[in-house]
Amino acid sequence: MTDLKNNLKKHIFNQVKDQYPLTLQELGITSTPRIQMGDLALTFPFVLGQKLNKKPREVASEIAPQLSSLPGVSKTEVAGPGYINLFLNRKEFFIRQLHSLSQPSLSPDEEKIIIEHTNINPNKAAHIGHLRNACLGDTLGRCLRYKGEQVEIQNYIDDTGVQVVDVVFGFMDLEKKSLKDIQEIDHRFDYYCWDLYTRVSSYLENHPEAQKRRSQILKNIEEGKDPEASLAHHISRHIIKAHLRTMERIGVSYDLLPCESSILGLKFWEKAFQLLKEKKAVYLSQEGKNQGCWVMKLEDEEDKEKVIVRSDSTVTYVGKDIAYQIWKFGLLDKDFYYHPFLEQNHHTIWITSSTPSSHSLRFGGGSLVYNVIDNRQSYLQKVVAQGLKSLNYRVQAQKSIHFSYEMVALSPNSLKELNFPVSEEENQKDFLEVSGRKGLGVKADDLLERLEEKALKEVEKRNPDFPPEKKRDIAHKIARGALRYFMLKYTKNSLIVFDFEEALSFEGETGPYLQYTLVRIHSIFQKLKEREGFEEENLSSLLSSSQISLAPLSPKEKDDFWKLILYASHFEEEILHAVGSMEFSHLAKFCFNLCQKFNGYYHLYSILGEKNEEIKNIRILAIYYIREILKKVLNLMGIPQPEKM
RNA sequence: GCGCCUGUAGCUCAGUCGGAUAGAGCAGCUGCCUUCUAAGCAGCCGGUUGGGGGUUCGAGUCCCUCCAGGCGCGCCA
């Protein structure tokens, strides 16, 4: 459809440009509200009406006759207050769409795109908030790759921060555990740390004197002194593995895990600091509350300064982030060492290190960078971009995209289900923020297990004879589909108030509804094969246009068929739209609407029972087309595709 | 106080660069399984798009203002 539209625009523009003051930009093509009015609508008569001080309808009537011989268009019509509606040649369009299934018409715009997402502190289990982040980031990556972009997925690991420190403190000082003791905790290490971290947080609140010990641990970790450093290393590596397993369950993976420890060890910050000082992007504050700190000013907030280096000469979080961002664009003049960390589905996930490695790989050096981080960090993300701008990397600053989204909070109902004690004050609120510190949240694996359990029951009901292994596999796919769709169906600025009942739903606008639609199509093809020996290779012979004719279809079926095909044909535009607006709810909605339309069609038009071969063939081709597009879109959303369910 | 975001059906949310009659799901009610999987389909019910003003051929969408809510504005990360 994108090809066709561009082609039409060019033709129309050439037709009218000499007689009318119009730019190619102003030549918009939209959809019509109903196909009876046509398939595509031209809106430029409104623009011209304004410029020529004429009624849009008049302009449209003047121009429409000149557009009679557009390629692929069978009829034009003036409609409403001044639209020119185009009716496509349905058969020709359908055949072209079928042929173009194997050749995407999208093309890349960037040299290399880096996406940073997930970024969970390696000191506790992943929760639903992290799942939203990962689903958004992963879907962005999938869509960009589909578009043809070279994409690198990075998952930043803050393995030397205070959150890890707190767990080290918990193990050493509260639990008196040695490295060996900790290594023996094998079951659900991330869950164990979740609880420990909560205990440490409340302990620290009541024992302010422990702050000293905490600072000592942080210092020892940063300087590599044992036992703190080894403990921190073991804990973070163990937790990262747990996170990667969790994410693998929902089909999310990474190329590289850049670690804060490497950024410190390889002195990335010192290099970045030097650059920033040279360009006078940061300066030493001489007076006021920030006296003795190196600070940065924001372009549009002149009165504010952000501390980058503290008066004790340690660097803040945002400072390290600036160094990392500079590296991502390949502008730091320093690089990490890389070690293989994990094999996942024949794909190596690499981790950075400050110790030399025999592997020579290139990471980073992107021309466009997306940072998928929730909207609470938009101020800091602005500071990061400001850092680049101050270094005169204006293009890179502009291409530092903060993919911002709202957080996931908890409904009062879900709090009850978690048996989490809440105060009077908290009870009054409509929702409660997830808090790792308080241990308040729905763990990702818990949610996935509940989804799988429920899905398994549903599979049991319908397919009791399947072997247990198969049932579990299907249940897993359904759980993953339900979760991923749930995380994508909301616009990114919409706060998700998490509720178990809603998240565990498999009916209506949910992932399983989409999967079910596909299962229905699979089922038809399978029955065609079983009962009639139909092979999919036969499709190519059906495709030869001489055999395709829409004529035998009833007028109603002609329209229903056409509505379905036309809607489906927009899928590439939907992908571009989603990527351009960073709004995957568009893609989710498109997929859902497509399934709704298909299910309506499915109920009206039988394939196996159809006696008329010509009609049957058209229907087979139609569901084949829908199936192929559905598979593509589900794949982009990371929703698995069970054959049966 | 300043900045960003949000306000659409009983509830949860869509709504393309400003385009034709504001759409889904859930909940409620009515039908439809000897037919290709009822995780479905068809139908009913449900709206002063937070209030007011403006811009124009046209506003849920853009501008101003007011109201209500959320988040951010650390020498935390």
Side-chain angles (χ1 to χ4, degrees), chain A residues 25-26 28 30-34 37 41 43 46 49-50 55-57 79-83 85 121 158 161-163 260 285 289-295 300-301 303-304 306-312 314-318 320-321 374-380 382 404 406-407 409 430-431 433 455 458-459 461-463 478 482 489-491 493-497 499 501-502 505-517 519-528 531 573-574 577 580-581 583 585-586 588-589 592-593 596 599-600 602-610 623 644-645:
Chain A
Q25 204 79 62
E26 290 166 326
T30 65
S31 300
T32 61
R34 283 171 297 156
M37 303 165 99
T43 53
F46 294 103
Q50 185 109 45
K55 284 189 177 153
R57 174 120 194 158
Y83 296 97
N85 290 347
N121 273 309
D158 185 2
V162 292
Q163 295 218 19
E260 189 179 84
S285 183
K289 63 181 175 114
N290 294 333
Q291 190 178 3
C293 299
W294 287 85
V295 298
D300 40 358
E301 286 172 87
D303 49 328
K304 267 186 195 153
K306 176 75 197 161
V307 172
I308 306 295
V309 179
R310 304 183 189 100
S311 52
D312 67 358
T314 56
V315 58
T316 59
Y317 166 76
V318 72
K320 284 176 267 190
D321 222 18
D374 76 61
N375 67 357
R376 287 171 294 189
Q377 294 208 38
S378 42
Y379 174 65
L380 291 174
K382 233 167 117 180
S404 165
E406 260 289 358
M407 59 178 175
D430 296 334
F431 62 86
E433 201 174 324
E458 299 291 326
V459 176
K461 254 194 259 175
R462 294 166 177 80
N463 301 292
I478 292 170
K489 75 178 198 180
Y490 298 95
T491 49
N493 282 333
S494 170
L495 175 83
I496 298 181
V497 180
D499 192 81
E501 202 185 314
E502 233 183 287
S505 168
F506 294 165
E507 283 164 25
E509 197 195 336
T510 65
Y513 174 88
L514 311 180
Q515 294 172 314
Y516 184 68
T517 306
V519 163
R520 282 179 150 174
I521 303 179
H522 281 314
S523 191
I524 294 172
F525 277 107
Q526 203 188 330
K527 292 238 156 77
L528 277 172
R531 297 183 191 174
E573 280 165 280
E574 295 293 337
H577 185 210
S581 57
E583 202 58 273
S585 58
H586 290 322
K589 223 47 138 187
F592 173 65
N593 288 333
Q596 273 194 320
N599 280 320
Y602 170 93
H603 275 269
L604 286 174
Y605 306 106
S606 165
I607 287 174
L608 294 172
E610 180 55 48
I623 68 163
K644 299 206 162 175
M645 63 191 273

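Source: prediction; values computed, not measured. A, B, ... follow the sequence lines: proteins, then strands. Residue 1 opens every chain.
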Can you tell me if A:Gln50 touches the phosphate of B:C57, counting only side-chain N or O atoms and a distance under 4.0 Å to OP1 or OP2? yes
Roughly how far apart, to the nearest Å, are B:A20 and B:U61 at atom C1'? 16 Å
Measure from the side chain of A:Tyr602, starting at C-beta and using heavy atoms only, and say which of B:A39, B:C36, B:C76 lies closest. B:C36
Which atoms form the tightest heavy-atom contact between A:Leu380 and A:Lys306, and what is the distance? CD2-CE, 3.8 Å
Evaluate whether the aromatic ring of A:Tyr83 and the six-membered ring of the B:A20 base sit under 5.5 Å apart, centre to centre, with an inclination under 30°. yes
Of the candidate nucleotides B:C36, B:C71, B:A39, which contains the atom at the shortest distance from the side chain of A:Met407? B:C71
How far does the P atom of B:A68 sit from the matching atom of B:G10, given to the nearest Å? 23 Å
Rounded distance in Å between the C1' positions of B:G7 and B:G51: 12 Å
Side-chain N,O (A:Asn493) to OP1/OP2 (B:U6) below 4.0 Å: yes
Of the listed B:C73, B:C41, B:G25, the closest approach to the A:Phe592 side chain comes from B:G25
For B:C73, the Watson-Crick or wobble partner whose two distances fall under 3.5 Å: B:G1
Nearest-nucleotide pick for A:Lys589, side chain only, options being B:C75, B:C13, B:A39: B:C13
Given side chain to side chain donor-acceptor pair (under 3.5 Å), test A:Asn493 with A:Glu406 step by step and report yes or no. CA-CA 5 Å; A:Asn493 282 333; A:Glu406 260 289 358; over 6 Å; no
Mind checking the P distance from B:A42 to B:U56? Whole angstroms is fine. 43 Å
Given B:G19, B:C71, B:A77, the nucleotide with the shortest approach to the side chain of A:Thr316: B:A77
Just to confirm, is there a sub-4.0 Å distance from OP1 or OP2 of B:A39 to any side-chain nitrogen or oxygen of A:Arg520? no
Please step through salt bridge (charged side-chain N to carboxylate O under 4.0 Å, His left out) for the pair A:Asp374 and A:Arg376, ending with a clear verdict. CA-CA 6 Å; A:Asp374 76 61; A:Arg376 287 171 294 189; 3.0 Å; yes
Mind checking the C1' distance from B:A22 to B:G31? Whole angstroms is fine. 28 Å
What nucleic acid atoms does A:Lys289 come within less than 4.0 Å of, heavy atoms only: base, sugar-phosphate, or nothing? base
Can you tell me which nucleotide in B:C41, B:A24, B:A39 comes closest to the side chain of A:Glu509? B:A24
Provide, to the nearest angstrom, the distance between the CG atom belonging to A:Asn599 and the C1' atom belonging to B:G25. 14 Å
Selection from B:G40, B:A24, B:A77 that lies nearest to any side-chain heavy atom of A:Gln596: B:A24
Is B:G10 paired to anything, Watson-Crick or G-U wobble with both distances less than 3.5 Å, and if yes, which nucleotide? B:C26
Name the nucleic acid region contacted by A:Leu604, choosing base, sugar-phosphate or nothing; use a 4.0 angstrom heavy-atom cut-off, strictly under. nothing
Between B:U8 and B:C2, how far is it from one P atom to the other, in whole Å? 25 Å
Tell me what A:Glu507 touches on the nucleic acid: a base, only sugar-phosphate, or nothing, going by heavy atoms under 4.0 Å. sugar-phosphate
Between A:Tyr83 and A:Asn85, what is the shortest heavy-atom contact and its length? CB-OD1, 3.6 Å
Rounded distance in Å - CG (A:Leu380) to P (B:G3): 19 Å
Side-chain-base donor-acceptor pair under 3.5 Å for A:Arg462 and B:A39: yes
Suppose we call a contact any N or O donor and acceptor under 3.5 Å apart; does that hold for the side chain of A:Asn85 and the base of B:A20? yes
What I want to check is whether an N or O donor and acceptor connect the side chain of A:Ser311 with the base of B:C75 at under 3.5 Å. yes
Would you say A:Tyr513 reaches B:C41's phosphate, i.e. side-chain N/O to OP1/OP2 under 4.0 Å? yes
For atom P, what is the distance between B:U49 and B:G23, given to the nearest Å? 14 Å
So if I take every side-chain heavy atom of A:Glu458 and compare against B:A77, B:C13, B:A39, which nucleotide ends up nearest? B:A39
Between A:Arg531 and B:C36, is there a contact of a side-chain N or O with OP1 or OP2 at under 4.0 Å? yes
For atom P, what is the distance between B:C41 and B:A9, given to the nearest Å? 24 Å
Tell me which of A:Tyr516 and A:Gly161 sits closer to the 5' end of RNA chain B, going by the nucleotide each one is nearest to. A:Tyr516
Candidate nucleotides B:C73, B:A39, B:U21, ranked by approach to the side chain of A:Lys304 - the nearest: B:C73
OP1 or OP2 of B:G15 under 4.0 Å from side-chain N/O of A:His586: yes
Just N and O in the side chain of A:Arg376: are any of them under 4.0 Å from OP1 or OP2 of B:C73? no
By nearest-nucleotide position on RNA chain B, the 5'-leaning member of A:Lys306 and A:Gly28 is A:Gly28
Which of these nucleotides, B:C76, B:G19, B:C36, is closest to any side-chain atom of A:Lys527? B:C36
When both hydrogen-bonding distances must be under 3.5 Å and the geometry is Watson-Crick or G-U wobble, what is B:C57 paired with, if anything? B:G19
Hey, is the side chain of A:Arg57 poking within less than 4.0 Å of OP1 or OP2 on B:C57, counting only N and O atoms? no
How is A:Thr32 classified with respect to the nucleic acid when contacts are heavy atoms under 4.0 Å: base, sugar-phosphate, or nothing? base
